[in-house]
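Notes follow once the structure below has been shown.
To find a chain, count down the sequence lines: A is the first, B the second, and so on, and within it residues start at 1. All heavy atoms count here, side chains included; hydrogens, waters and symmetry mates do not. Treat the numbers as computed from the prediction; the structure is a model and nothing was measured.
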Amino acid sequence: MPELPEVETIRRQLAPLVEGRVLREVRIDDSRWSRPLAPAELQDALTGRRVDRLSRRGKYFVWELQDDVFLAQHLRMTGTLLYDADPATPHVHVRIALDDGHRISISDPRRFGTGELLLGEDARAAFFAARLGIEPLDGALDGPAMRAIVRDRRAPIKAVLLDQRRIAGVGNIYADEALHRAGIHPLRPARQLTAAQCERLSTGVREALQAGLDAGGATIDDFRHVDGVYGGFQNEFLVHRRRGEPCPACGREIVKFVAAGRGTYACETCQPKPRRPRT
DNA sequence: CGCCCTGTTGGGGA
DNA sequence: ATCCCCAACAGGGC
């Protein structure tokens with residue numbers, strides 16, 4: 001469910017509610033969530049600590065706790081982070097009681113979500129350095145940066161966009177959206193992109209993510225805010241393809257295929273298929 | 001009712 | 001470097 005705009009939206013809503021609060025009680029009912037630690041170990045490490053800041057890196061929430069203790073939390077496919085959730089909410093595997101009486105619940109039907117404890121600045125830096133590349137909304141993702149990222153890579157451009165070690169936070173839906181905005185076919189070998197295409201793609205990635213943020217992270221159909229309310233839609237490529245409607249730019253049919261192992265949508269009029277197999 | 005397929009993610013093994 | 005499969009579950013098509 002959550003891609004970068006959704007994660008950032010949740011972070012912005014939750015940060016003022018948790019920063020400065022102490023985690024009074026932590027209950028983890030899922031041994032998968034806290035691997036490699038046992039749930040009891042993670043509970044003990046978190047309990048009683050003050051939240052200095054709630055930040056984000058790629059699609060990770062970073063709970064910055066006192067004494068340089070960090071929790072890198074990922075919601076993966078189906079995780080939701082709820083504030084004062086309905087007690088009947090299903091699939092809640094992690095519950096946190098704050099010192100002001102409010103509660104945090106993490107609901108995650110598929111249980112892919114993770115929470116990793118990182119002790120100290122160095123551990124945090126190493127964790128993200130091994131996994132994440134450039135932050136797409138920090139201003140550094142321009143045409144030349146994109147060109148350096150695609151250079152020498154013969155993998156399809158969509159696979160490169162989804163590689164978190166290159167660009168942090170672009171998921172399946174926003175990758176399709178960015179490629180449509182840039183007029184680039186998802187299967188085009190990355191190294192074939194011209195300087196002009198790299199420029200358009202860097203803009204497409206930034207604008208697609210920003211549009212998601214402007215919509216309050218409401219671009220995915222079952223996205224819910226921290227208060228449990230469902231979000232709405234915006235009139236973008238990704239919305240049209242979900243509805244089975246034609247391309248909003250040219251009116252031609254949107255086609256579906258597999259790229260980088262994921263379901264992929266494109267308009268092959270706006271995004272011409274690659275013809276040259278190798279370069 | 002049951003079976004099969006799909007999926008917003010990322011890690012590990014081939 | 002790249003591809004495939006997997007984690008666990010819900011929902012839709014047939």
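- Among residues two or more places apart in sequence or in another chain, the side-chain contact (heavy atoms from CB on, under 4.5 Å) test is passed with A/A249 by A/H180, A/C247, A/C270.
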Please assess A/S34 against A/E41 for the test side chain to side chain donor-acceptor pair (under 3.5 Å), listing each intermediate value before the final yes or no. CA-CA 9 Å; A/S34 57; A/E41 292 178 295; over 6 Å; no
I'd like a list of close polar pairs between nucleotides 10-13 of chain B and the protein, N/O only, cut-off under 3.5 Å.
| residue | atom | partner | partner atom | Å |
| --- | --- | --- | --- | --- |
| B/dG10 | OP1 | A/H74 | NE2 | 2.8 |
| B/dG10 | OP2 | A/K59 | NZ | 3.2 |
| B/dG10 | O4' | A/R76 | NH1 | 3.4 |
| B/dG10 | N7 | A/R262 | NH2 | 2.7 |
| B/dG10 | O6 | A/R262 | NH2 | 3.1 |
| B/dG11 | OP1 | A/R131 | NE | 3.1 |

Go ahead and write out DNA chain B as dot-bracket, 5' to 3': ( ) for pairs within the strand, [ ] for ones crossing earlier pairs, | when the partner sits on another strand, dots for unpaired; Watson-Crick or G-U wobble, both distances under 3.5 Å. .||||||.||||||
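- For the C1' atom pair drawn from C/dC5 and B/dC5, the interatomic distance equals 16 Å after rounding to whole Å.
- Atom CG of A/L4 and atom C1' of B/dT9 are 14 Å apart (whole Å).
- Regarding A/F257, its CZ atom lies at a distance of 16 Å from the P atom of B/dT6, rounded to whole Å.
- The CD1 atom of A/I173 sits 9 Å away from the C1' atom of B/dG7 (whole-angstrom rounding).
- The side-chain tip of A/R131 points at the ring of A/F127 from less than 6.0 angstrom away and within 45° of straight on.
- The salt bridge (Lys or Arg N to Asp or Glu O under 4.0 Å) check on A/D52 picks up A/R50, with sequence neighbours excluded.
- Taking atom P on both C/dA10 and B/dG10, the two are 22 Å apart, rounded to the nearest angstrom.
- Panel note: side chain A/T264, backbone A/R262; a donor-acceptor pair is recorded below 3.5 Å.
- In this structure, the side-chain contact (heavy atoms from CB on, under 4.5 Å) partners of A/R35, at least two apart in sequence or on a different chain, are A/R32.
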Name each donor-acceptor pair under 3.5 Å that joins a side chain in residues 18-25 of chain A to protein atoms two or more places apart or in another chain, with its distance.
| residue | atom | partner | partner atom | Å |
| --- | --- | --- | --- | --- |
| A/E19 | OE2 | A/L54 | N | 2.9 |
| A/R21 | NE | A/D99 | OD1 | 2.7 |

Output one line per pair: protein atom, nucleotide atom from nucleotides 12-14 of chain C, and distance, for all N/O pairs under 3.5 Å.
none

Could you list all N or O pairs between the protein and nucleotides 9-11 of chain C that sit under 3.5 Å apart?
| residue | atom | partner | partner atom | Å |
| --- | --- | --- | --- | --- |
| C/dC9 | OP1 | A/R111 | NH2 | 2.8 |
| C/dA10 | OP1 | A/H91 | NE2 | 3.4 |

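- Using cut-offs of 30° and 60° for the angle between ring planes, the A/Y60 and A/H74 rings count as perpendicular.
- Atom CG of A/D108 and atom C1' of B/dG7 are 14 Å apart (whole Å).
- Residues passing the salt bridge (Lys or Arg N to Asp or Glu O under 4.0 Å) test with A/E135, sequence neighbours excluded: A/R56, A/R57.
- Taking atom OH of A/Y265 as the reference point, atom P of B/dT6 lies 11 Å away to the nearest angstrom.
- Hydrophobic cluster membership of A/L162, counting Ile, Leu, Val, Met, Phe, Trp and Tyr whose side-chain heavy atoms lie under 4.5 Å apart directly or via other members: none, as it forms a cluster of its own.
- For the pair A/K256 and B/dG7, the criterion of a side-chain N or O lying under 4.0 Å from OP1 or OP2 is met.
- Taking the nucleotide of DNA chain C with the nearest heavy atom to each of A/R32 and A/D152, the more 5' of the two is matched to A/D152.
- Salt bridge A/K158/A/D176: present, at least one basic N to carboxylate O contact under 4.0 Å.
- Regarding A/L209, its CG atom lies at a distance of 14 Å from the C1' atom of B/dT8, rounded to whole Å.
- Looking only at distances, a side-chain donor or acceptor of A/Q43 sits under 3.5 Å from a matching main-chain atom of A/I28.
- We find that CD of A/Q73 is positioned 16 Å from P of B/dT9, with the value rounded to whole Å.
- Applying the ring pair (Phe, Tyr, Trp, His ring centres under 6.0 Å) test to every pair with at least one member in residues 15-52 of chain A, sequence neighbours left out, gives no pairs at all.
- In this structure, CZ of A/R153 is placed 9 Å from C1' of C/dT2, rounded to the nearest angstrom.
- Under the salt bridge (Lys or Arg N to Asp or Glu O under 4.0 Å) criterion, A/R166 pairs with no residue at all, not counting sequence neighbours.
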